[in-house]
Amino acid sequence: MVSEPQEVEPGGLFQHASSTRLNMTNAVLFITVQSLSTGVNYAISFPMVNPILSPESNHFILQTYLPELQEIHSIGTSEGYQVYGEFESFGLLSMSSVPEILTPSMIQFRLRTPFPSSADSVQLRLVAEANSFDAQSCIVDVLKPGTSLPKITSILLMPDDCLVDADGARADYMFARVFLAKTNYYFWIYTLNPISQTRTYAASTIFNDQRVHETSFRSSRSQLLGAVIPGSYAANVTHRAVLKIFSASGLQGQRGSLELQLPRGFGVSCEDFRPRGTLPTTARCRTLQETESSGARLQIYWRSLFGESELKPPFEVAFTLMNSNTTGTDTDDSDDGWMATMYEGENQDFAVDFSGHAGLKTFAVCPAFLEFSLRREDAFTISIVMRTGVDVPAAFDILFRVELRSSLSAPAEVYCPETSVWQPREELVGHVSSTAQGLPRYTVCVQEPRATTPADYLSSASQHISAVLFHLPYSRFYGQQAESQGLEVRMQRSQMAFAPMEPSPNEALAERVNVNLESQGQRISCASLPLGQVALVDASSTDPTGDLGDLTADVAGSSATG
């Protein structure tokens, strides 16, 4: 059994030898270079070749002889160790990542060591936690018409039978053939996905009720990762939002659907629907209103990928979202919180991937200003009057963020005003108040740096974002009992051939101006209104407040629309 005598260790104490007087077919002989003493533990290391199966008589016997092998000096025995063949690779790939769903799963493996030559039929056993396998649905019939499962460059196996124990923790798959070593095999079974992200399996091959190969592996399911990007954080505001899917399992076949579940209190419609990324341009949208058992739902479905056999992220879609009246955090672990699910088939035939609550980044709704109005004085100036209704303790990072969300087809930038932000405003027209205070003295306006490169209109459903920051001085900000405050910002559209670009009517309706009062990295209070058109003032009007029109249509009881 010694393949390389020079590998015997320690070489200074033992040396490999051979003898014609002993049966050397299942024995190895060593000569001691030095005398062995009693009461001393000795260790010897030498290479061996394990058998394919553990032998029936599994004992190791150590004999020491006097010189010239004339007489046995001492003898010792020890139980042998179990021998199992090795899997060179073993893996499980599930077609669905949704928890607690019965899904087709592909078992793919490769043996490093062979079966005994006498083997003619074998079985493969999988052991996991309870409720991992279903006795009613055990084997996937891949030859059944209409089965669309991925094909790989390995040998496809079809189990002849399958047995699952009572608690669903063990499954045995019988094969009327022998697996060859150094050959890739795969077959399809049904498994029940765990609630957690990972599950540990033990796999073994069995011949004549004896384990031949054994291994264990951890299977982890993927998770849909995405984000809901709002057009406004203010409560009770209708705006354009974007659902972005960054990572998810691929959808096989031509037809599929994506569902976004909203928390209670949120509304949704397909008014601003725009598919982008790898989603087909013929994708369609439908909505389900809130019920007693769940919140509203947005469903995106398609019937053809136009030649592609699989839909893979990234992709995104725009839709119309109405924020709830109640404010809260962006993490909702309830059953009706934010969740996204991808399905094969336009009628949600089979759930493939699922975000859960951790896989989808959402947003927190911000309390609305008590009063808020804006007016486009001309093509370059936007005047704003507001009353926040909240007091903020003194801090170094209290600021107003004025944000313009414009169409990517005609992006607009917002700039700091050329007028003083400290001076009061009088004789205002078209606002909730005819007079307004300026921002606190020593307020400084700066342009917010651009975080990302602007996207292309045909490849992204998002809006162009430009913002300026009004940094307030270190002092307590009073907004509850204070009068309305006013400010102006400048805007400028991108130009083409010396003329400003203009968005389409539908795109113009989705453009918004957001104003957020922030402190310590948190939004304290928010407001939002459509950008609208340049105001037309009637010179003969004597009403200093002007005609508010639709700007106050959303204001109930002098509370801001947000």
Side-chain angles (χ1 to χ4, degrees), residues 1 23 25-27 47-61 77-94 102 104-143 154-192 194 199-219:
M1 303 296 288
N23 181 11
T25 58
N26 61 342
M48 290 182 59
V49 178
N50 288 331
I52 294 178
L53 293 177
S54 299
E56 291 294 335
S57 178
N58 195 0
H59 288 84
F60 281 80
I61 302 175
T77 62
S78 174
E79 290 290 336
Y81 55 89
Q82 295 294 319
V83 175
Y84 301 113
E86 290 185 352
F87 286 90
E88 196 168 291
S89 63
F90 199 103
L92 182 145
L93 174 64
S94 296
L102 188 66
S105 298
M106 180 180 67
I107 300 293
Q108 186 177 14
F109 65 93
R110 177 186 175 97
L111 300 179
R112 191 184 68 84
T113 55
F115 277 90
S117 58
S118 59
D120 54 359
S121 61
V122 297
Q123 69 185 68
L124 191 145
R125 174 174 294 171
L126 292 178
V127 180
E129 61 190 41
N131 298 321
S132 297
F133 307 98
D134 187 2
Q136 303 300 324
S137 301
C138 187
I139 304 174
V140 180
D141 188 1
V142 297
L143 303 179
S154 301
I155 298 177
L156 174 63
L157 300 174
M158 282 294 296
D160 296 283
D161 198 2
C162 174
L163 295 177
V164 178
D165 62 358
D167 59 355
R170 189 183 71 183
D172 291 300
Y173 304 92
M174 289 69 172
F175 299 88
R177 60 175 297 174
V178 177
F179 311 141
L180 301 178
K182 306 296 182 180
T183 305
N184 293 320
Y185 295 97
Y186 77 100
F187 64 97
W188 288 91
I189 64 174
Y190 281 107
T191 59
L192 284 166
R199 171 183 284 167
T200 301
Y201 291 87
S204 58
T205 60
I206 300 175
F207 169 64
N208 286 344
D209 296 329
Q210 191 172 7
R211 284 181 291 180
V212 184
H213 305 85
E214 190 171 75
T215 188
S216 63
F217 65 97
R218 177 173 293 179
S219 175

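Because the structure is a prediction, the values reported are computed rather than measured. Heavy-atom basis, side chains included; hydrogens, waters and symmetry copies ignored.
One finds the CZ atom of Phe87 at 5.5 Å from the CG atom of Leu111 (value rounded to the nearest 0.5 Å). If you take CE on Met174 and CG on Asp160, they are separated by 10.0 Å, rounding to the nearest 0.5 Å. To the nearest 0.5 Å, the span separating CZ on Phe187 from CZ on Phe175 amounts to 4.0 Å. Atom CH2 of Trp188 and atom CG of Leu156 lie 10.0 Å apart (nearest 0.5 Å). Here the straight-line distance linking atom CG of Asp172 with atom CG of Asp161 works out to 10.0 Å at 0.5 Å rounding. Distance check: Glu88 CD to Phe109 CZ gives 12.5 Å after rounding to the nearest 0.5 Å.
Side chains of Leu126 and Ile107 form a contact here, defined as non-hydrogen atoms less than 4.5 Å apart. Tyr173 is listed as a side-chain neighbour of Cys162, based on a closest heavy-atom distance under 4.5 Å. Contact of the Val122 side chain with the Thr205 side chain is not registered, since no non-hydrogen atoms from C-beta on lie closer than 4.5 Å. Between Leu163 and Arg170, every side-chain heavy-atom pair lies at or beyond the 4.5 Å cut-off. A 4.5 Å side-chain heavy-atom check between Tyr186 and Ile155 finds every atom pair outside the cut-off. Within the 4.5 Å cutoff, the side chain of Arg218 has no heavy atoms near those of the Arg199 side chain. By the 4.5 Å heavy-atom criterion applied to side chains, Leu180 and Tyr185 are counted as neighbours. Side-chain contact between Asp134 and Tyr190 is absent, with no heavy-atom pair separated by less than 4.5 Å.
Asn208 places no side-chain N or O within donor-acceptor distance of the main-chain N or O of Gln210, the cut-off being under 3.5 Å.
With hydrogens and angles left out, the side-chain atoms of Glu86 and His213 include no donor and acceptor closer than 3.5 Å.
Nearest heavy atom pair, residue Pro104 against residue Val140, reads CB-CG2, 4.1 Å. For Pro159 against Ile139, the heavy-atom pair with the smallest separation is CB-CD1, 3.7 Å. Heavy atoms only, all atoms of each residue included: Val178 and Ser121 are closest at CG2-N, 4.1 Å. Contact between Thr113 and Gly85 at its shortest, heavy atoms only, is OG1-CA, 3.1 Å.
In this structure, Phe90 has its ring center at least 6.0 angstrom away from the ring center of Tyr201.
Ring orientation note: the planes of Phe115 and Phe179 are nearly perpendicular, at an angle over 60° on the 30°/60° scale.
Arg177 meets the salt bridge (charged side-chain N to carboxylate O under 4.0 Å, His left out) test with no other residue; sequence neighbours excluded. Residues passing the side-chain contact (heavy atoms from CB on, under 4.5 Å) test with Ile206 are Gln123, Arg125, Ser204, Arg211, sequence neighbours excluded. Contacts of Ser89 classified as side-chain contact (heavy atoms from CB on, under 4.5 Å), with partners at least two apart in sequence or in another chain: Arg110.
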